[in-house]
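When reading the values below, keep in mind they use all heavy atoms of this one structure, side chains included, and skip hydrogens, waters and symmetry mates. Here is how names work: the chains are called A, B, and so on, in the same order as the sequence lines, proteins then strands, and each is numbered from 1.
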Amino acid sequence: MGEFTVHRVRFFHYMPSGICAMAFNRRTERLAVARTDGSVELYSRTDHFFQEKVVPGRQQRSIQALCWVGKRLFGAGLSGEIAEFDLDNLRLKFSQDAYGGPIWSIVCNPQGTHLAAGCEDGTVKLFEILEDQIRFERNMGGQKGRIISLAWHSSGTKIAAGMIDMIKVFDLDSGNAVQRLLVERGSRMQQSQECVVWSVLFLSDIIVSGDSAGKVKMWDVNTGTLIKNHQVTEWDVLTLSVSQDETSLFAGTSEGTVVQFQLLDVVLGQEEKEWVRTRTFKNHTHDVIALAEADTVIISGGMDTQLVVRPLLDKLDFKSRDSSLLKILFPQRSLVSCAKKAGLLLFQYPTHLELWLKTCPSVHLMCLFPVRLGLQGEDHVCCSAVAPCGEWIAYSTTSGIRLYRLQRDNKNVSITKVPKLPKVLRHAHQLCFSPDSSHLYGTTSSAVHVVALTSAGCKFEHSLKPNSCVDSDGKFLASANSNSEIHIYNMHKLKAHCTVPVYRSGVSAMGIHPETNNLVIVHADHQIFEFSIEQMQYTDWSRRVQKEGLHHVWLERDTPVINVTFNPQNPNHVILHDSYMFCIIDQSLPLPDRKSQFHNQLTLKSLPEAERLKHSHAFKECKLYQPLLCVDMLENQSLVVVERPLLDITTNLPAPVRQKKFAT
Amino acid sequence: MAALYEATTLCVLNVGPGGSDSGISGIEPSADDDQVVVTDSARSVTVYKVSDKKALGSWTVKQGQTVTCPAIYNPQTSEYVVVTDSKVIRVWKDSDINIDRAFKTTVSADVWRVLSVPDSEPLVLFQRGAVRRLDTLLADPQQPVENVLPEEAVIRWSAVLNVEQQPCLMFLSEQKGETLLLMQRRHPDSAARYRLEGGEAPLSCSALPCDGGVRLFCLYSSGSVYESVVPIRGAGGVVEEVQPLPRTLLLNLPVGEGKLESASAVSLDDAHVALVGVPHPSAGPGKDFLCIWNTNFQTLQAAKEMAGRIYGQLWCSCGKLYVPHGKSLSVIPFKCQKSSLAAAMGKLRQAGSNGTIASAEEVQKKVSAFLSNLKNLHVIQVAAGGLASVLVSRCQEQPGFYPHSALVQLVHSQCLSYSVCPHLLTLALEKKDYALCQFCLQVFPDIPEAVACSCLKAFLSESDGTLDTVSLERDSVAFVEGLIANSTQEGGETQSSMPLDMKCPVGLHKAVLLNEILQVAYSDCFLLLHLKTLSAPQVILFLQYLQFLYGKYSQDLHTQVSALRSPAMTQILDWICLLVDAHFTVLVMAPEARELLSHLHKVVRLQVKVFSELGKIEGCLQALQKAKQSGDVCQYSIEVIELF
């Protein structure tokens with residue numbers, strides 16, 4: 001295969017934000033995850049937890065709770081506002097002040113007609129959900145003491161509210177508190193300290209609470225008496241989650257553990273059942289703040305920023321993607337764009353961009369220095385791109401797109417903002433430049449907008465409908481949307497060219513080959529297709545892949561491929577990468593069959609050169625660099641690898657709760 | 001093991017005149033596992049719900065009529081069937097209130113029993129041996145019935161078993177001092193006759209299906225239980241000639257004087273048999289017991305005293321035994337675990353039992369011979385356990401009998417454990433046989449905390465003088481001698497601030513025995529309970545000894561004294577902790593313990609110091625490891641890789 005020069009870049013200080021809320025929609029099988037930077041991510045359960053959409057964050061926005069109402073997603077936070085997210089346009093639809101101070105919790109009733117918000121002023125505020133807004137209906141409670149957690153009974157007539165040192169049960173008909181359950185710290189030493197009920201659950205006949213004394217308590221709904229008390233941790237129990245059939249319960253703690261309780265027969269075969277603490281999972285180093293239970297998996301997230309999907313069917317004999325632990329730490333889209341011709345790297349941070357220029361003309365050295373591009377406004381960057389020639393930089397927030405022109409002579413670099421961007425282009429989900437840097441393509445939920453770039457300025461050229469992933473080779477432009485429909489446009493005629501047959505899994509990355517005009521599509525389930533745009537059909541190689549099937553090792557990878565690029569020197573080479581490896585596919589070589597060794601680099605290395613060809617297959621995988629944020633190939637056949645060492649992320653996290661270890 | 005659970009009274013008996021008859025003629029399973037049909041020997045049939053001890057229904061025939069066969073429940077039709085006055089078959093349902101209004105029909109010959117057949121129509125067995133299906137009989141009640149048995153023959157017992165998914169009817173008939181077993185099957189139609197060995201009719205019979213046949217258990221009035229295996233032939237056909245049926249002795253139960261009069265045996269599974277009316281081997285006369293015996297091991301598995309007179313009747317249905325006694329019918333649930341060593345035990349039946357009259361010396365010889373003969377480990381374990389149990393129970397019964405060397409030999413064979421023979425160690429303690437105690441402590445892996453603690457108490461309270469006369473195992477004595485010798489050598493020379501050098505507070509042999517206690521496996525929460533029963537002087541003495549040991553160990557002297565078995569440092573420390581935990585308040589109050597406590601305190605402080613130093617070292621080592629890992633991290637580098 002040959003040697004590659006690798007520019008190993010570790011100066012992208014990407015820092016993921018902690019997870020602060022989660023909500024799982026059983027109907028659509030979507031998981032919404034809110035992070036401390038205010039962003040909301042949507043994952044598809046059916047598609048191996050592929051990150052489908054990201055609503056970018058905003059400064060000062062904090063989300064304490066998320067709530068699905070049908071297909072609508074509501075969020076509320078310490079700003080005191082309840083907001084609905086527009087999941088098509090990936091921004092806020094509206095937000096409404098609840099006038100109750102910071103909101104700690106929102107829940108919707110089982111019928112999906114009302115929202116309840118637990119506020120700092122001690123009231124539970126009821127809102128009616130209307131078509132395009134929510135309307136305040138009434139207050140319940142209202143003495144001092146903030147309401148930290150809420151749970152709605154499945155009958156819809158009662159709400160349990162977790163407060164400080166107590167739980168109150170409100171009756172919806174009268175609006176009065178019908179029960180008051182006192183939650184005490186228990187041990188005499190700490191009685192003066194208050195006990196915060198971080199989470200409550202309202203099951204059909206019991207209320208379950210998790211509190212800052214580290215206890216999970218089960219209360220009888222009718223009598224209000226404590227039935228069972230489980231001391232789970234020395235620290236706080238922050239979140240609880242229950243399975244739909246109410247037989248399994250999970251508690252997330254500050255120690256980073258998730259504890260499972262199950263409703264089991266006291267004596268086998270008899271009616272009497274009891275909640276028994278069964279399993280403890282420790283997959284987090286920091287607080288587990290949010291939990292969601294999705295049938296056979298428990299999803300947990302917290303301050304250590306990773307989303308852990310723990311399958312509960314761990315007794316399965318065969319290994320598959322569904323039965324293995326999944327940790328999602330890195331974004332499943334590229335935060336790095338690389339100007340191939342100019343050798344430029346653009347790093348996208350939430351609040352600024354960083355541009356690294358190659359100053360030295362020599363081939364092997366990339367003397368770099370950063371140019372920092374601050375953002376205006378409070379919105380975070382949702383996408384960014386740099387033109388291949390290195391002259392243009394564009395980024396988009398939810399409120400607008402900005403285009404910059406980069407001019408440099410020898411040592412000086414000047415960045416000027418290009419004024420008067422076309423009004424149509426107010427917000428983009430994806431930005432992309434044409435290979436000759438003459439056009440900028442921006443996608444919105446409904447269309448692809450084409451802007452022509454000239455040294456004098458920019459001009460709106462055309463809107464192509466409809467459309468998230470874009471890639472273009474100058475002549476053709478391909479765009480994929482969240483329904484995994486791929487449209488191909490002919491950019492010379494500015495017309496739709498054709499569509500690619502829809503596959504069941506989301507498109508995680510695609511790329512158009514600059515020479516053959518073949519579109520390589522990689523889906524979230526790791527299937528690879530190659531579509532010949534000119535012939536409007538799958539290529540022979542693609543058919544061969546589908547016929548012979550991909551190797552199971554490839555299909556079992558748990559992070560999706562986030563970038564497809566090509567080797568300019570060798571048209572047979574397709575370069576793919578996910579978070580933990582990059583892979584060069586040599587289309588001229590045979591595919592690995594089921595029984596052959598997939599990771600065969602070491603074996604091939606040990607073989608004499610004559611025999612190598614006999615044993616080699618198309619997938620050349622390299623795991624030397626981990627975790628990866630970007631792999632791209634420059635024109636001189638050198639690879640740029642952007643790494644973000646895990647250790648750097650963990651050292652930047654706040655200190656976890658102190659745990660007693662032996663002899664410390 | 002088998003177990004008998006708490007007995008409950010199902011109903012009060014209607015005891016017949018003279019009190020010799022229980023008044024119950026049969027108990028049969030009913031609609032579900034929790035219901036039984038109890039047939040009065042006079043006139044009535046009652047259905048009970050067993051768990052509620054409640055009668056669900058009761059039917060009585062008219063004055064002048066008698067019930068001559070136990071009523072059965074026919075699950076196929078949900079009907080009850082009973083025979084009155086030997087010839088009248090009555091069939092009724094739960095909903096029928098009056099039995100006289102229910103269906104009845106008269107047949108042409110005397111009926112002996114109606115037998116319910118699992119998953120099939122019940123069978124009617126006539127007194128002269130003919131068999132009919134109930135439905136065919138009811139269809140034509142007056143059909144002629146042939147005579148299979150001669151007139152003088154009497155049917156003693158009958159049963160229906162499912163063998164290879166086919167019902168198989170068998171019954172015993174007695175005539176002219178000869179007992180025949182007749183067996184009939186449909187599909188294929190076959191009949192066979194067997195002559196029981198011995199001739200005499202058994203007191204009670206019970207049958208179980210087994211591979212390729214039926215196992216028949218018979219209890220005779222001599223107290224013996226015999227087993228016969230009746231083969232089932234695959235092919236049909238009637239075998240007219242009478243075949244002999246060989247038998248093997250399973251149990252020979254002590255009967256006392258005379259013979260058994262009324263007793264009953266029911267086989268529970270292939271290894272357990274329940275008996276009433278047979279005296280308990282170790283209880284006095286005049287008491288009646290329900291016993292479960294293991295026929296493989298010939299051991300009594302469980303026994304329950306039955307108050308009042310026993311009528312020699314016993315039924316078993318759905319995991320429960322039904323025993324009429326005194327004035328009540330008791331239900332006793334039972335459980336039998338699988339006896340897996342059945343095959344192996346077949347050869348060893350006589351091993352333990354022939355020593356019962358022998359003197360201690362003879363026992364010794366026999367035991368030696370027994371141990372030298374047996375090579376198979378599995379066999380020896382069970383057999384040795386049985387043998388030891390027999391010896392121990394004899395020792396308990398006869399105060400003068402104590403075969404010390406035989407017991408030592410058995411323990412030395414390493415085949416015993418505490419649970420196999422639980423009374424051996426307590427016996428040794430009672431007899432002050434400390435040498436045997438030591439062996440037991442060394443060999444048994446499963447000594448309960450309570451027993452270990454009572455050993456400890458006995459050792460501590462025994463005077464050194466008595467103990468020194470006991471001959472103990474040489475290696476362990478040598479070990480303690482080494483420790484004490486070291487202490488006397490160096491005791492005078494060094495005067496450290498720590499009380500590491502002190503005289504051994506107990507005598508040599510006592511130290512040896514205490515060492516054995518230290519090495520016993522235990523669980524601390526159980527042990528703590530029993531440790532609390534130690535008296536204050538015992539605790540102080542033991543703590544002093546432990547402190548002495550700790551001092552020796554921390555001087556590294558014990559490494560110079562080699563021994564096969566010696567208490568570990570952690571064992572010593574754990575015991576100190578447990579003792580202090582159990583008796584802390586007592587120790588604080590006792591003035592003589594003050595010095596001891598302050599010394600122990602110093603020891604603890606020393607340990608804490610050591611561990612904190614170790615913690616520091618651990619930190620340093622971790623830092624070193626980290627320093628190694630982060631070797632070549634830099635922000636940007638250019639590398640060349642080669643892909644193949």
Side-chain angles (χ1 to χ4, degrees), chain A residues 1-13 345 356 362-370 567 573 575 582-586 589 599-607 609 611-613 615-617 619-625 638-643 645 647-648 651 661-664, chain B residues 3 5-6 8 32-35 49-52 318-320 333-335 337-338 524-525 554 569-570 573-574 577 603-644:
Chain A
M1 184 117 195
E3 285 186 345
F4 294 90
T5 314
V6 178
H7 297 270
R8 186 180 192 176
V9 173
R10 304 177 90 154
F11 45 74
F12 180 24
H13 302 296
L345 284 176
W356 291 76
S362 124
V363 180
H364 288 298
L365 274 176
M366 245 174 115
C367 300
L368 298 157
F369 77 93
N567 187 348
H573 288 179
I575 303 159
F582 75 86
C583 176
I584 301 181
I585 298 178
D586 190 338
L589 287 176
H599 307 292
N600 62 353
Q601 288 296 316
L602 279 176
T603 327
L604 290 178
K605 195 176 178 182
S606 62
L607 287 173
E609 204 155 340
E611 278 183 45
R612 272 181 198 158
L613 199 62
H615 288 89
S616 60
H617 57 69
F619 288 75
K620 314 281 179 200
E621 211 176 31
C622 173
K623 290 187 168 177
L624 276 177
Y625 311 106
S638 57
L639 283 165
V640 177
V641 168
V642 181
E643 256 187 311
L647 198 70
D648 293 359
T651 48
K661 281 191 185 140
F662 179 69
T664 51
Chain B
Y5 298 107
E6 191 68 27
T8 50
D32 64 44
D33 284 359
D34 200 25
Q35 291 184 17
K49 187 162 174 64
V50 178
S51 57
D52 293 353
C318 303
K320 296 181 195 79
F334 69 93
K335 201 167 86 184
Q337 276 165 9
K338 200 155 173 61
D524 43 5
C525 54
S554 44
M569 181 72 149
T570 48
L573 287 173
D574 287 346
C577 295
V603 168
V604 172
R605 234 175 25 200
L606 193 77
Q607 289 276 336
V608 170
K609 214 168 160 186
V610 168
F611 278 111
S612 71
E613 295 300 316
L614 282 175
K616 281 181 202 162
I617 295 173
E618 192 194 17
C620 293
L621 290 174
Q622 267 180 359
L624 269 178
Q625 202 180 5
K626 269 185 195 162
K628 250 186 199 169
Q629 277 178 353
S630 53
D632 58 331
V633 176
C634 59
Q635 297 260 299
Y636 177 63
S637 56
I638 296 179
E639 296 171 9
V640 175
I641 59 163
E642 191 178 7
L643 291 175
F644 299 98

**Student:** Could you tell me which residues satisfy ring pair (Phe, Tyr, Trp, His ring centres under 6.0 Å) with B/Phe334, sequence neighbours excluded, listed by chain and number?
**Tutor:**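 Residues passing ring pair (Phe, Tyr, Trp, His ring centres under 6.0 Å) with B/Phe334: none at all.
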**Student:** Between A/Lys620, A/Gln601, A/Glu609, which has the largest tally of heavy atom pairs under 4.5 Å with chain B?
**Tutor:**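 Of the candidates given, the most pairs with chain B belong to A/Gln601.
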**Student:** Could you look at A/His13 and say if it's the side chain, the backbone, both or neither that has a heavy atom under 4.5 Å from chain B?
**Tutor:**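 Contact with chain B: side chain only.
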**Student:** Return yes when atom NZ of A/Lys605 has more than 12 non-hydrogen atoms of other residues, nucleotides or ligands closer than 6.0 Å, and no otherwise.
**Tutor:**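 Counting neighbours around NZ of A/Lys605, 12 or fewer heavy atoms of other residues, nucleotides or ligands fall under 6.0 Å, so no.
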**Student:** Chain B heavy atoms under 4.5 Å from A/Leu607: which part of the residue, side chain, backbone, both or neither?
**Tutor:**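 Contact with chain B: none, neither part.
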**Student:** Let me know which of A/Val641, A/Val6, A/Thr5 forms a side-chain contact (heavy atoms from CB on, under 4.5 Å) with B/Ile641.
**Tutor:**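 Exactly one candidate clears the test, A/Val6.
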**Student:** Which answer fits A/Leu613, side chain, backbone, both or neither, if we ask what part of it has an atom under 4.5 Å from a heavy atom of chain B?
**Tutor:**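 Answer is neither: A/Leu613 stays 4.5 Å or more from chain B.
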